[in-house]
Every structure is written in C-alpha cells, then in structure tokens.
Asker: 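Quick one: this structure, given as structure tokens, is what I'll be asking you about.
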Amino acid sequence: MPSHGSLTKAGKVRNATPKIPPKPKKNLIPRRRNFRNYKRRILYAQSANQ
C-alpha cells in the first residue's frame with residue numbers, strides 16, 4: 001500500500017508553527033454548572049411561584 005506523500009516531508013508544517021500557550025478556561029466544571037442551572041430553573045422557580 002503506497003504512502004500518501006513522502007516521509008521526508010512529514011511534520012514540517014506543524015514543527016514550524018509557533019507554540020501558543022493555551023488560554024485559561026472560563027467555564028465552570030459541568031457538575032457545578034448543572035447544579036447552578038438546576039437551582040435557577042427548579043428551586044428558585046418553585047419559591048417564586050409560592
């Protein structure tokens with residue numbers, strides 16, 4: 001099975017691109033986010049209706 005492209009060219013572009021540090025994450029972890037949404041939708045909605 002022939003290879004797609006020569007092996008001498010492998011990894012040239014990825015190695016040439018500058019490394020950019022990752023941005024800090026802004027979102028809450030899903031468990032915290034889901035619990036906050038639950039409180040907003042269910043708990044606070046029930047107390048507002050009573």
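FYI, side chains are in, hydrogens and waters are out, and symmetry mates aren't considered; it's all heavy atoms of this structure.
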Asker: Restricting to pairs with a member in residues 7-29, which pass side-chain hydrogen bond (donor to acceptor under 3.5 Å, both in side chains), not counting sequence neighbours?
Answerer: Ser6-Thr8

Asker: If you link ILVMFWY side chains whenever their heavy atoms are less than 4.5 Å apart, which other residues fall into the same cluster as Ile20? By chain and number, please.
Answerer: none

Asker: Connecting only ILVMFWY residues whose side-chain heavy atoms lie within less than 4.5 Å of each other, what is the rest of Tyr38's hydrophobic cluster?
Answerer: Phe35, Ile42, Leu43

Asker: Provide the closest heavy-atom pair for Leu28 versus Arg36 in the form atom of the first, atom of the second, distance.
Answerer: CD1-NH1, 3.5 Å

